[in-house]
Enquirer: 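I have a structure here, written as structure tokens, and I will follow up with some questions on it.
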Amino acid sequence: MGPTRKSNVCRRLSRRALGFFARDAGVVQRTNLGILRELVCQESTKFKNVWTTHSKSPIAYERGRIYFDNYRCCVSSVASEPKKLYEMPKCSKSEKIEDALLWECPVGEVLPDPSDYKSSLIALTAHNWLLRISTTTGKILEKIYLASYCKFRYLSWDTPQEVIAVKSAQNKSSAVARQAGIQQPILLYLAVFQVLPFSLIGILEINKRIFGNVTDATLSHGILIVMYSSGLVRLYSFQAITEQFMQQKLDLGCACRWGGTTGTVGEAPFGIPCNIKITDSPPLLFEVSSLENAFQIGGHPWHYIITPNKKKQKGVFHICALKDNSLAKNGIQEMECCSLESDWIYFHPDASGRIIHVGPNQIKVLKLNEIENNSSQHQISEDFVILANRENKNENLVTVTASGRVVKKSFNLLDDDPEQETFKIVDYEDELDLLSVVAVTQIDAEGKAHLDFHCNEYGTLLKSIPLVESWDVTYSHEVYFDRDLVLHIEQKPNRVFSCYVYQMVCDPAEEEEILNKSY
């Protein structure tokens, strides 16, 4: 989160900030965001539902832009009412965009083309083209043909805003091959690119003859992560693999001879050959076993979170030091909640090294500290806890027998009972340094949700925004809080998608008072 767009308030702040040209630009930006945070959390500030729309195709949101029809249509959410930025020409099903990432221009870098100084959408099409699209006009700025030997389907950042990984669908053996005992040795391919200017690092095959009975693999921060059905997770250095097993360096747009065929790398029909083929077991960096391959790394110093690899341990999280696998003191975290949906845990995205543990009725923010007089070991302690607004009570079920005897049976409600306030989404707005929490309560037959803003440092509730639309807990929901905008996307049955846009509305007198006080 953290958009490049600017609201009317931000534009006013920017004009005033021109008078502070002698200051460091970063200080001015932080000052502006501090004022915006105060305006957002002001008691009189409202968030108004300014636009609602529905679609038969998925709706996506990226930093002030709403995408419809598989990213073909782009709507800006900056204006008082969202307006269409562009609509790309209609295309066949085989040419549609299947996945996309937003790339933003790095500050202070010299780039080869003027168009590079504006943000771009990096998109993957169903027929294996990788496109770079202008986010303001929809014009295709660059296109790369990947390959014909597999179906590429997923995009992700290996290193955010620097390196992307394009992952193929998994190869499945045919029924005839399975009956004959013939296994497809190659599970999937990973194509890795440096972004802007686009340059190829290589295409890597994940081969079961090397890795064994692997079920999935991905790249993150230069680490190849390989997963197995047993719950085992193994980590390898992608750079070391590249240096050891790259068969030939390939450059986009250059002529290449490969396997008796000559063509141009990145152009159809030649595409990009798979030039990283592992022929021997690469050096293992780390391995661990975890239920459902759940594995996260973070904290200061590095720690990891796993669930012991037994079904009865679901909902139990172990926090261990990466350097020696030692369990942190108080490193076993368990909510002990009785609910239909599991609690979840992750390292805080604010780079503080803290951990967020979310259950149906409480959010724990945990911190990782050195143990006094023992700098080699760390302990987990509570930083703060956010509790749902509910009463802890037992329900009494009263029945009357045929003889007239009254029988009372007491039972506990589930922790995520729909008639009690339950946490559904927790996110972090990095520019305003706020935690955003969606809480839902079933009132009669209708679910009602509100979005709460909490101080990221202390957990204090600063603002609560009611969402006017009903919230069905059986639907899929996404909620984005982006500076002065709130956006709710829900998926209903039969692939009906709805989008609700809220924008900040300030009291003019109080807004002016805050601005004058700040400058």
Side-chain angles (χ1 to χ4, degrees), residues 99 101 103 112-113 116 122-125 127-132 141-159 161-171 183-212 214 216-226 234-285:
D99 204 358
L101 295 171
W103 178 85
D113 191 276
D116 297 343
I122 299 170
L124 175 65
T125 69
H127 61 331
N128 277 3
W129 282 89
L130 192 63
L131 311 177
R132 186 166 73 89
L141 305 174
E142 287 184 79
K143 55 191 301 185
I144 299 166
Y145 181 64
L146 295 173
S148 59
Y149 51 81
C150 69
K151 169 74 174 73
F152 284 98
R153 184 163 287 168
Y154 312 103
L155 281 177
S156 63
W157 289 111
D158 171 29
T159 304
Q161 301 296 315
E162 293 181 17
V163 179
I164 60 168
V166 192
K167 182 176 171 179
S168 77
Q170 293 190 9
N171 289 322
Q183 272 201 340
Q184 167 61 257
I186 298 171
L187 178 71
L188 56 84
Y189 294 88
L190 291 166
V192 188
F193 297 85
Q194 191 81 33
V195 179
L196 218 67
F198 262 120
S199 60
L200 174 69
I201 295 174
I203 294 186
L204 166 70
E205 67 174 24
I206 303 298
N207 196 316
K208 292 182 180 180
R209 290 173 181 162
I210 300 298
F211 291 105
V214 56
D216 202 2
T218 189
L219 269 180
S220 179
H221 294 84
I223 301 296
L224 175 65
I225 303 170
V226 178
R234 286 178 172 163
L235 275 58
Y236 303 88
S237 165
F238 178 65
Q239 182 179 345
I241 288 172
T242 301
E243 291 171 354
Q244 185 176 352
F245 298 107
M246 182 180 286
Q247 296 181 335
Q248 182 180 332
K249 180 78 171 74
L250 301 175
D251 295 309
L252 296 172
C254 295
C256 171
R257 183 169 180 81
W258 191 278
T261 305
T262 302
T264 303
V265 177
E267 293 186 6
F270 187 76
I272 304 172
C274 176
N275 64 333
I276 306 174
K277 296 188 177 184
I278 300 174
T279 55
D280 196 7
S281 297
L284 180 66
L285 294 179

Enquirer: Does the side chain to side chain contact (heavy atoms under 4.5 Å, CB included) test come out yes or no for T264 and F270, once each step is laid out?
Expert: CA-CA 6 Å; T264 303; F270 187 76; 5.8 Å; no
Enquirer: Y189 side chain to Y149 main-chain N or O, any donor-acceptor pair under 3.5 Å?
Expert: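 No: the side chain of Y189 does not pair with the backbone of Y149.
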Enquirer: What I'd like to find out is whether the side chain of W157 reaches to under 4.5 Å of the side chain of I122, using heavy atoms alone.
Expert: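 Sidechains of I122 and W157: in contact.
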Enquirer: Please give me the minimum heavy-atom distance between F152 and A147, naming the atom from each residue.
Expert: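 Residues F152 and A147, closest heavy atoms: CE1-CB, 4.2 Å.
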Enquirer: Looking at every non-hydrogen atom in both residues, tell me the closest pair between L124 and R153 and how far apart they are.
Expert: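 Distance-wise, the nearest heavy atoms are CD2-C, 3.4 Å.
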Enquirer: Would you give the length of the straight line joining atom CD of Q248 to atom NZ of K277, rounded to the nearest 0.5 angstrom?
Expert: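 Taking CD in Q248 and NZ in K277, the distance rounds to 11.5 Å.
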Enquirer: Shortest non-hydrogen contact from L188 to A169?
Expert: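 Minimum heavy-atom contact is CB-O, 4.2 Å.
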Enquirer: Decide yes or no for I206 and L224: does some side-chain heavy atom of the first lie under 4.5 Å from some side-chain heavy atom of the second?
Expert: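 With C-beta onward as the side chain, the pair touches.
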Enquirer: Is it true that D99 and K167 have a side-chain N and a carboxylate O under 4.0 angstrom from each other?
Expert: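 No, D99 and K167 are not salt-bridged.
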Enquirer: Do I144 and I272 have side-chain heavy atoms sitting under 4.5 Å apart?
Expert: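 Side chain of I144 against side chain of I272, heavy atoms only: contact under 4.5 Å found.
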Enquirer: If I compare all heavy atoms of H127 with all of T125, which pair ends up nearest, and what's the gap?
Expert: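 Heavy-atom minimum between the residues: ND1-OG1, 2.8 Å.
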Enquirer: Using 0.5 Å steps for rounding, measure from the CD atom of Q170 to the SG atom of C150.
Expert: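 Taking CD in Q170 and SG in C150, the distance rounds to 12.0 Å.
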Enquirer: Between N275 and G202, which heavy-atom pair has the shortest distance, and what is it?
Expert: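 Here N275 and G202 meet closest at OD1-CA, 3.4 Å.
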Enquirer: Any non-hydrogen side-chain atom of I210 less than 4.5 Å from a side-chain atom of F245?
Expert: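 I210 does not reach F245 side chain to side chain.
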Enquirer: Nearest 0.5 Å please: distance from the CG atom of L130 over to the CG atom of L155.
Expert: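 Interatomic distance, L130 CG to L155 CG, rounded to 0.5 Å: 6.0 Å.
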Enquirer: With a 4.5 Å heavy-atom cut-off, do V192 and L204 have their side chains touching?
Expert: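 The answer is no, as the side chains (C-beta and beyond) never meet within the 4.5 Å cut-off.
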Enquirer: Can a donor-acceptor pair be found, under 3.5 Å and without considering hydrogens, that links the side chain of D158 to the backbone of A165?
Expert: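 No; zero donor-acceptor contacts below 3.5 Å.
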Enquirer: Please test I276 against I241 for side chain to side chain contact (heavy atoms under 4.5 Å, CB included), starting from the C-alpha separation and ending with a verdict.
Expert: CA-CA 8 Å; I276 306 174; I241 288 172; 4.1 Å; yes
Enquirer: Find the distance between OG (S237) and CD (Q244) and round it off to the nearest 0.5 Å.
Expert: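 Rounded to the nearest 0.5 Å, the OG-CD separation comes out at 10.5 Å.
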Enquirer: So with a 6.0 Å cut-off around CD of Q194, is the heavy-atom count from everything else above 12?
Expert: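 For Q194, atom CD is crowded (more than 12 foreign heavy atoms under 6.0 Å).
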Enquirer: If you compare all heavy atoms of K249 against all heavy atoms of L200, which two are closest, and at what distance to 0.1 Å?
Expert: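 Heavy-atom minimum between the residues: NZ-O, 3.7 Å.
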Enquirer: Kindly indicate, with the supporting measurements, whether the criterion side chain to side chain contact (heavy atoms under 4.5 Å, CB included) is fulfilled by L141 and F198.
Expert: CA-CA 11 Å; L141 305 174; F198 262 120; over 6 Å; no
Enquirer: Atom OG of S199 and atom CG of D251: how far apart are they, to the nearest 0.5 Å?
Expert: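 The CG atom of D251 is 8.5 Å from OG of S199, to the nearest 0.5 Å.
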Enquirer: Report yes if some heavy atom in the side chain of L190 is under 4.5 Å from a heavy atom in the side chain of F238; otherwise report no.
Expert: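 Result no, sub-4.5 Å side-chain heavy-atom pair not found.
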Enquirer: Just wondering, do Y154 and T218 contact through their side chains at under 4.5 Å, heavy atoms?
Expert: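 No, side chains not in contact.
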Enquirer: What orientation do F211 and Y236 show, parallel under 30°, tilted 30 to 60°, or perpendicular over 60°?
Expert: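 Perpendicular: the ring planes of F211 and Y236 meet at over 60°.
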Enquirer: To the nearest 0.5 Å, what is the distance between CD (E142) and CG (L131)?
Expert: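 The distance works out to 10.0 Å.
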